[in-house]
Amino acid sequence: MQGKKLDSTPKAYQPRAEKLDVRYLKGVGPKRVELLNRLGINTVEDLLYYLPRRYEDRSNFTLVRDLKIGEYQTVKGKVLTLSGHITKRRISVFQIALGDKTGVIYCVWFNQPFLKKFFKTGQKLIVYGKVEKYGKLQINHPEYEVVKTGTDSVNIGRITPIYSLTQDVSQRYLRFLAHEAIERFLFSANEKLPAYIRARRHLADIRFAIRNIHFPASFGNLDKAYKRIVFEEFFILQLALALKKRDVKTGAPGIRHKLDARLIDSFKKLFPFELTKSQLKAINEIQIDMANPKPMNRLLEGDVGSGKTVVAIYALLLTVQNGYQASIMAPTEILARQHYVNISELLMPLGVNIRFLVSGLKPAKRLEIENEIESGEADVVIGTHALIWQGVKFKKLGLVVVDEQHKFGVTQRHVLRKKGLNPDVLVMTATPIPRTLALTVYGDLDISVIKELPKGRYPISTWCVEEQKRREVYEFIREEVKKGRQAYIVYPRIWSTGQSGLKAAAAMYNKLQTEVFSDLRLGLIHGRMLLKEKNDIMKKFKDKKIDILLSTTVIEVGIDVANASCMVIENAERFGLSQLHQLRGRIGRGDYPSYCVLLGSPGTEAAKKRFYTMSQTQDGFKVAEEDLELRGPGEFFGTKQHGLPELRFGNILRDFEIMEQARTEAFEMVREDPYLRNPRNSFVHDALKKRFAGRLELISVG
Ligand code: ADP
Ligand code: MG
């Protein structure tokens, strides 16, 4: 709308980069168009924004004699010899000797005999890879490029871009195209960031940035270009978050819950313990939100066992006291059931009507509960994703609590919220997230953090133990049981598949019950059991009728049995760091010292780090940070569904300072110009619409 006015004025005859199809570039035929599309390049603008993966300083090659073993480096040299052979194990080895005036290095490829045809002695090559030494210097499977003779200012003698490729597209070809696009169409690239922001943040203009991100005149220029492009990406993302937050705040009014000063006093009396400072602070932040007519949209972050549920219960009470209904959605039936049991025990005596809704119910029962929800007879409804069924209609839904939110997709939360008229929303997560990431993933939420664990908790000792000590581990469990405690043994699988060599819960159940713990009471629980079976087992464990519970990761989330003091995790090298931490959070909840045993052999460096971190700290924030470092943000969150926006250029961890600046500017822009109607913001508005076309609610918690 706004952009249109501007678009129609200048140079109608001169196509802009954003609209121009790549096919109009020199050297791009129909076949190539297809290949480029595969790389996500459709328009000339896409090409301009197709950033190099890394750079090689080809104005300055490392001489063979100066190469450092173990590092990734670039070498330029001449092909001296080619040779190939087949090993005893029938692996074909192809090797070339590459020399410069100071020495020789060997490039080796396995199982690529066809390369023979590609190289010739006397050719000049640039190769890149990890330099190793096995008697002689060697690079296995290097990236390579043949140097053509003649003048060539694009590919050599400069800081040269290296792009991600697809088959049949070469570095040289992409470089050529990028160069073409820059020379002919860079002038028409839209400057999306308003000048005042660029000035304030010392950001290069877009033309400088694009030119220098592809063909940097110096590494200093490259830095400036990178900063500018990443800023733009973060800015558009944060702008979307800011707009979403604006909608929540200025959209249809929500519910104004009335506060009652006496509530907190009677609430405190419900528990045999004192609330922690963090809990009281979170409660206060939540009630201030709830008293405000703007809908609450708050994240409650806290380590496992920090007492988030207690905080949520306060919000439930406040809602019910105001004559509204509240719901809690938990990711598993076991967890929902546990909330149901605990919360009923606390609130039923106060006359609060609580219902339980999961997918395993008999149709008649389900119908009955649905009716009670619709008539308003049910005050609090606790359940799983079954809550978001179409049939479930609330009379007056005033509060939505989503527990262990990282287990849910964004859409599911969104649907539940839509069942009320702008209800207050509280999401709880036990995966503590470093601040930078929180600003991105939950950038439109307000955040409360529970930092301290309840007083009097014993620390958990964590040991890493190898297979040879299995007997001793079993003995240790036996000792704990003798003292009246209970134990978990967690397995990566339910059933064994034979080949994997992984321990499986069901098989071990029989073995342990007959051979090792025949005098003790064992239980087995896993995800393939019926809901009723699972509940029976959990109840027995809670009632101390089971000494040792063998399980899969179904107990990962939220289970609370204070008497269990001991956990053994089998094949612990198979689990991610956050997952190990979540599992361990099941113990250390009572008045006893607790023990976690990681049984397994960490084969990889990453696994060793995970074991080490677990043995060194119990602080969920530290664990999360380490996990993030080990796996990167994408893996850390599991799937895109969990709200992590796809970033093409920036790296949330490395570039967090840029992220914070971009966030400040974006929120400022929306404060001043809530609908982005100011013409100076029109290009960024267009870019935003293009980036998030119709998916605005999907970029973060909905
Ligand atoms: P989370 O949901 O954060 O994992 P929970 O709310 O389930 O933690 O609390 C874990 C356990 O600690 C529960 O048994 C709960 O009753 C207990 N608890 C909660 N707050 C406190 C407190 N302030 N002091 C002592 N125990 C507490
Ligand atoms: Mg919990």
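Atoms within each ligand, like the ligands themselves, are counted from 1 in listed order. Keep in mind that what you see is a predicted model, and the values were worked out from it rather than measured.
The distance from ligand 1 to the heavy atoms of Val310 drops below 4.0 Å at these ligand atoms: 6 (O), 19 (C), 20 (N). Interface of Thr276 with ligand 1, defined as ligand atoms under 4.0 Å from a residue heavy atom, comprises 23 (N).
The residue among Ile450, Thr309, Asp403 with a heavy atom at the shortest distance from atom 2 (O) of ligand 1 is Thr309. Closest to atom 24 (N) of ligand 1 by heavy atom, among Pro454, Gly302, Gly590, Ser306, is Pro454. The closest heavy-atom contact to atom 3 (O) of ligand 1, among the options Lys455, Lys308, Lys277, comes from Lys308.
Counting heavy atoms from C-beta on, the side chains of Ile525 and Ile334 come closer than 4.5 Å.
In summary, the side chains of Arg256 and Asn292 do not present any donor paired with an acceptor at a separation below 3.5 Å, with no hydrogens or angles considered. At a cut-off of 3.5 Å, with distance as the only test, no side-chain donor of Gln279 or Tyr314 sits close to an acceptor on the other residue. Side chains of Tyr474 and Arg470: a donor-acceptor N/O pair is present below 3.5 angstrom, by distance only.
When each of Gln579, Met567, Lys503 is tested with Val490 by the rule side-chain contact (heavy atoms from CB on, under 4.5 Å), just one qualifies, namely Met567. The side-chain contact (heavy atoms from CB on, under 4.5 Å) with Ile382 is formed by just one residue from the set Ile354, Asp403, Val341; it is Ile354.
Contacts between Asp303 and ligand 1 below 4.0 angstrom, taking non-hydrogen atoms only, involve the backbone exclusively. Under 4.0 Å from ligand 1, the heavy atoms of Arg589 that appear belong solely to its side chain. Contacts between Gln279 and ligand 1 below 4.0 angstrom, taking non-hydrogen atoms only, involve the side chain exclusively. If you look at Leu275 next to ligand 1, the close heavy atoms, those under 4.0 Å, all belong to the backbone.
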